[in-house]
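Inspection log for the structure reproduced underneath, given as structure tokens.
In what follows, every heavy atom counts, from backbone to side chain, and hydrogens, waters and symmetry copies are set aside.
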Amino acid sequence: MSEEVFVRHCAPTLAGIKTANLFSCPFADEKRMKESVRRLNRILVKKGIRVLPLRYRDGRALIYAYRPSRLMQDLQQSGACRLLKERGYTFGAPERCIVQLVQRLADDGEFPHEIGLFLGYPPEDVCGFIENRAEGYKCVGEWKVYGDADRARETFAKYRKCTEAYCAQFAQEKSIERLAAAV
């Protein structure tokens with residue numbers, strides 16, 4: 001996985017304005033992909049960011065970049081706690097919930113739509129998506145919005161602007177270490 005791909009998909013998390021990003025990327029060699037993830041973690045852990053491969057399947061890796069401190073706050077919201085409990089998660093540390101999410105991703109059953117909580121999406125929107133089977137949303141951007149559409153549009157614009165700025169800075173050879181904000 002190239003650093004350019006990582007920056008393009010994870011700029012808001014690198015900037016510290018989003019809890020996490022998730023993206024799929026191709027790989028030819030699982031060992032090399034794991035080495036790439038380890039290299040990113042050596043750079044980013046000191047900035048408060050972790051990178052995990054959540055799943056390897058059909059030549060693609062599902063990569064999760066997150067800020068543990070923000071994830072803890074997000075998962076402690078009452079709506080998030082309720083939904084995770086309903087879905088069978090045992091809450092303790094966020095890492096425990098991530099392990100359970102990885103197990104759900106490994107199953108061939110229904111995709112775990114609660115994954116939105118792990119990405120910093122508002123609990124009301126994650127619940128709305130699940131309850132409405134992805135229908136009847138108010139607007140769509142990074143996620144489908146069932147709650148405050150105006151606030152979501154502002155957030156989407158902020159993420160787009162951040163991604164454009166980070167990609168431009170990376171193209172001008174600013175390192176990923178310098179792009180990552182210590183939050």
Test your reading of the model: is there a side-chain donor-acceptor pair from N21 to the backbone of A65, 3.5 Å cut-off? no

Looking only at the side chains, is there a donor atom on one of E131 and Y146 sitting less than 3.5 Å from an acceptor on the other? no

How far does CG of L84 sit from CD of Q77, to the nearest 0.5 angstrom? 10.5 Å

Nearest-0.5 Å distance, SG of residue C10 to OH of residue Y64: 11.0 Å

Between the side chains of S24 and R60, is a donor N or O closer than 3.5 angstrom to an acceptor N or O? yes

Neighbour count above 12 (heavy atom, 6.0 Å) for R39 CZ: yes

Please check: side-chain N/O of N132 versus main-chain N/O of A134, any donor-acceptor pairing under 3.5 Å? no

Minimum heavy-atom distance between C97 and L75, given as atom pair plus value: CB-CD1, 4.2 Å

Above 12 or not: heavy atoms from other molecules or residues under 6.0 Å from CZ of F156? yes

For the pair K47 (side chain) and A181 (backbone), establish whether a donor and an acceptor sit closer than 3.5 Å, ignoring hydrogens and angles. no

Listing request: all side chain to side chain donor-acceptor pair (under 3.5 Å) pairs with a residue in residues 163-183, at least two apart in sequence or in separate chains. K46-E177, Q169-K174

Measure the shortest side-chain to side-chain distance between V37 and F6 over non-hydrogen atoms and say whether it is less than 4.5 angstrom. no

To the nearest 0.5 Å, how far apart are CD in E142 and NZ in K158? 11.5 Å

Taking C-beta and beyond as the side chain, do L44 and R50 meet within less than 4.5 Å on heavy atoms? no

Any idea which heavy atoms bring A15 and C162 closest together, and the distance? CB-SG, 3.6 Å

Quick one, R151 with V145, criterion side chain to side chain contact (heavy atoms under 4.5 Å, CB included). Give me CA distance, side-chain angles, the key distance, then yes/no. CA-CA 10 Å; R151 187 178 74 209; V145 178; over 6 Å; no

To check you understand the geometry: which heavy-atom pair defines the closest contact between C127 and L83, and what is its length? SG-CD2, 4.0 Å

Counting heavy atoms not belonging to R133, are there more than 12 under 6.0 Å from its CZ? no

Would you say N41's side chain and V51's backbone share a donor-acceptor pair under 3.5 angstrom? yes

Taking only Lys NZ, Arg NE, NH1 and NH2, and the carboxylate oxygens of Asp or Glu, determine whether E86 and R82 approach each other closer than 4.0 Å. yes

Closest approach of I63 to C25 (non-hydrogen atoms, all atoms of both residues): CG1-SG, 4.1 Å

I would like to know whether T90 and Q100 meet side-chain hydrogen bond (donor to acceptor under 3.5 Å, both in side chains); could you show each step before the answer? CA-CA 8 Å; T90 54; Q100 291 171 303; 3.1 Å; yes

Residue pair I49, V183: steps toward the side chain to side chain contact (heavy atoms under 4.5 Å, CB included) verdict: CA-CA 9 Å; I49 301 169; V183 179; over 6 Å; no

Chi angles and distances behind the side chain to side chain contact (heavy atoms under 4.5 Å, CB included) call for V7, L14: CA-CA 8 Å; V7 170; L14 286 168; 4.1 Å; yes

Taking the side chain from R67 and the backbone from A20, do they hold a donor-acceptor pair closer than 3.5 Å? no

At their closest point, which heavy atom of L105 faces which heavy atom of R57, and how far apart are they? O-NH2, 3.5 Å

Rounding to 0.5 Å, atoms CG (L71) and CD1 (I98) come to a distance of 5.0 Å

I'd like to know if R8 and E3 make a salt bridge, using a cut-off of under 4.0 Å between side-chain N and carboxylate O. no

The single option from Y121, F129, F118 passing ring pair (Phe, Tyr, Trp, His ring centres under 6.0 Å) against W143: Y121

Roughly how far, to the nearest 0.5 Å, is the NZ atom of K144 from the CD atom of E135? 6.5 Å

Pairs meeting criterion ring pair (Phe, Tyr, Trp, His ring centres under 6.0 Å) with involvement of residues 13-52, two or more places apart: H9-F23, F27-Y56

If I take atom CG from residue D150 and atom CD from residue E154, how far apart are they, to the nearest 0.5 angstrom? 7.0 Å

Going by heavy atoms in the side chains, are L22 and L54 under 4.5 Å from each other? yes

With heavy-atom distances below 4.5 Å as the criterion, would you say the side chains of D29 and M33 are in contact? no

For G16 versus R70, what's the shortest heavy-atom pair and its separation? O-NH1, 3.0 Å

What's the verdict on side chain to side chain contact (heavy atoms under 4.5 Å, CB included) for D74 and L117, showing C-alpha distance, side-chain angles and the deciding distance? CA-CA 7 Å; D74 290 352; L117 298 173; over 6 Å; no

Quick check: does any side chain N or O of K18 sit under 3.5 Å from a backbone N or O of L119, one acting as donor and the other as acceptor? yes

Co-membership, hydrophobic cluster, residues V99 and F111, 4.5 Å side-chain: no

